[in-house]
Amino acid sequence: VGRVVDTVGYSCKVTTMRIILLVCALLTGAVQANEQTLNALRAEFAQTGALSAASAEKLRELADSGNTPAMLVLANMADAGIGVNANQKWAFDWTLRAARNADPLAQYLLGERYIQRLGTPGDKTPDQLDERALFWMNKAAEQFEPAAMFALGQMLRTGQWRDRSIAGVQVDAAAGLQMVELSAVQDYGPALLAMYRHYHKENAGRFDPDEQRAQRYLQRCAEVGDPECSFELATRLLTGDAQTRNVPRAMELLQVASEAGITKAMVLMQAIAQMGVR
């Protein structure tokens, strides 16, 4: 009898473990299958600029199943009117659902929608909308989302974001700079550019300049492919002295900026080509 009990007990333990492993395998497989489906949909859109009706249905099924990236893709499609009529309210709703999944990027994007009044509830006052924006951006920043940390840092520094004052923000320039620096540590381009401008000697009248630190931020910003930084560094390489001037490298950086749609980079490249600068 003892053996039977032992055997049954052991069998139960093994069966339980097998069930757990099976569930884990199924969940992992489902995640991988969803990722493969989403990648296939992205590839289809990249090639054709649209999604077939069947593909759009797959995307909707993924979003309805709780897939956060699919929700954000649908939000972007609704914003741009791709595959559906442009509908900012629909885009807002999908972003909200994604943010409630505790996804930091979705939380940041939802905060941006509140600030820019993109599909936001019509029964809220401007101050209430700003309050919700700060709530979601703080949620994202708590998970170290660099875009949210940069936005909040700039708000603390100036009391503004997207060229307007944000209700409920108490300006604290020092705390704001620390937040921007934490974003820059994560190689977030706009934050790196902001730190460069903060320490650059041209700002000596407002801040304590530190040109070596400024140049490190600018170099890193260009290395991560930020188009604005690429343009900024290119202009410095074109106007530098005999030791720092580097036209070939400047042209490479201008190409990066041009491909990102920076008009001033395109104009400068054309001017250099016409003048035959070497």
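Values in this document were obtained by computation on a predicted structure and should not be read as measured data. Because only heavy atoms are used, hydrogens play no part in the values below, and waters and symmetry mates are left out as well, while side chains stay in.
The only option from Arg162, Arg117, Lys124 that meets the salt bridge (Lys or Arg N to Asp or Glu O under 4.0 Å) definition with Asp130 turns out to be Arg117.
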Do Gln219 and Glu223 pass the side-chain hydrogen bond (donor to acceptor under 3.5 Å, both in side chains) test, and can you show the C-alpha distance, the side-chain angles, and the key distance before you say yes or no?
-> CA-CA 6 Å; Gln219 289 281 355; Glu223 286 172 3; over 6 Å; no
Could you give me the CA-CA distance, side-chain angles and deciding distance for Arg100 and Thr68, then say whether side-chain contact (heavy atoms from CB on, under 4.5 Å) is met?
-> CA-CA 9 Å; Arg100 285 174 174 167; Thr68 300; over 6 Å; no
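Nearest heavy-atom pair across Gly225 and Ser230 is C-OG, 4.4 Å. Nearest heavy atoms, Ala91 versus Thr95: O-OG1, 2.8 Å. Between Ala148 and Met137 the shortest heavy-atom distance is CB-O, 3.7 Å. The shortest non-hydrogen separation linking Asn101 to Gly66 is ND2-O, 3.3 Å. Annotation for Ala70 and Ala63: closest pair CB-N, 3.7 Å, computed over non-hydrogen atoms. The two residues Pro227 and Ala260 have their closest heavy-atom pair at CB-CB, 3.5 Å.
Side-chain N or O atoms of Asn138 include one that pairs as donor or acceptor with a backbone N or O of Leu134 at under 3.5 Å. A donor-acceptor contact shorter than 3.5 Å links the side chain of Gln143 to the backbone of Ala102. Put simply, the side chain of Gln186 never gets that close to the backbone of Tyr188: no donor and acceptor are under 3.5 Å apart.
Under a hydrophobic clustering in which Ile, Leu, Val, Met, Phe, Trp and Tyr are joined whenever their side-chain heavy atoms come within less than 4.5 Å, directly or via other members, Leu218 and Met195 fall into the same cluster. Criterion: ILVMFWY side-chain heavy atoms under 4.5 Å apart, direct or through other members. Under it, Phe150 and Phe135 are not part of a common hydrophobic cluster. Ile262 and Leu233 fall into different hydrophobic clusters, defined by Ile, Leu, Val, Met, Phe, Trp and Tyr side-chain heavy atoms under 4.5 Å apart, directly or through other members. In terms of hydrophobic clustering, with Ile, Leu, Val, Met, Phe, Trp and Tyr side chains grouped at heavy-atom distances under 4.5 Å, Leu105 and Leu152 are assigned to a common cluster. Note: the hydrophobic cluster containing Phe231 does not contain Val256 (ILVMFWY, side chain heavy atoms under 4.5 Å, direct or indirect links).
The line from SG of Cys221 to CG of Leu193 is 5.0 Å long, rounded to the nearest 0.5 Å. For the atom pair CG of Asp210 and NE2 of His200, the computed distance is 12.0 Å after rounding to the nearest 0.5 Å. Taking CG of Leu237 as the start and CG of Asn246 as the end, the distance is 5.5 Å to the nearest 0.5 Å. Summarising the geometry, atom CE belonging to Met266 is positioned 5.5 Å from atom OG belonging to Ser258; distances are rounded to the nearest 0.5 Å. Taken from CD in Gln154 to CE in Met149, the straight-line distance is 13.0 Å, to the nearest 0.5 Å. We find the CE-CG distance between Met269 and Leu253 to be 10.5 Å, quoted to the nearest 0.5 Å.
A salt bridge links Arg113 with Asp79: the closest approach of a Lys/Arg side-chain nitrogen to an acidic carboxylate oxygen falls below 4.0 angstrom. No salt bridge links Asp241 with Arg245; every basic N to acidic carboxylate O contact stays at or beyond 4.0 Å. Looking at Lys264 and Glu228, a side-chain N of the basic residue comes within less than 4.0 Å of a carboxylate O on the acidic one, giving a salt bridge. With respect to Lys89 and Asp93, a salt bridge is recorded, a charged nitrogen being found less than 4.0 Å from a carboxylate O.
Applying the salt bridge (charged side-chain N to carboxylate O under 4.0 Å, His left out) test to pairs two or more places apart or on separate chains, those with a residue in residues 37-56 are Glu35-Arg42.
Using a 4.5 Å cut-off on side-chain heavy atoms (C-beta onward), Leu238 and Leu254 make contact. Between Leu268 and Ile272, the closest side-chain pair of non-hydrogen atoms falls below 4.5 Å. Under the 4.5 Å side-chain criterion, counting only non-hydrogen atoms from C-beta, Ile115 is not in contact with Leu129. At least one side-chain heavy atom of Arg60 sits under 4.5 Å from a side-chain heavy atom of Leu74. Residues Tyr196 and Leu192 are not in side-chain contact: their nearest non-hydrogen atoms beyond the backbone lie 4.5 Å or more apart. Counting only heavy atoms from C-beta outward, the side chains of Thr120 and Arg132 never approach each other to under 4.5 Å. A heavy-atom distance below 4.5 Å is found between the side chains of Trp136 and Tyr114. Using a 4.5 Å heavy-atom cutoff, the side chains of Glu112 and Trp161 are in contact.
Looking at residues two or more places apart in sequence or on another chain, you find a salt bridge (charged side-chain N to carboxylate O under 4.0 Å, His left out) between Glu252 and Arg249.
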Identify each donor-acceptor pair in which a side-chain atom of residues 167-182 lies under 3.5 Å from a protein atom, sequence neighbours left out, and give them as a table.
from: Asp172; atom 1: OD1; to: Ala174; atom 2: N; distance (Å): 3.4
from: Asp172; atom 1: OD1; to: Ala175; atom 2: N; distance (Å): 3.2
from: Glu181; atom 1: OE2; to: Tyr217; atom 2: OH; distance (Å): 3.2

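In this structure, Asp123 places its CG atom where more than 12 heavy-atom neighbours from other residues, nucleotides or ligands lie under 6.0 Å away.
For the residue pair Gln270 and Gln274, no side-chain donor N or O sits within less than 3.5 Å of a side-chain acceptor on the partner.
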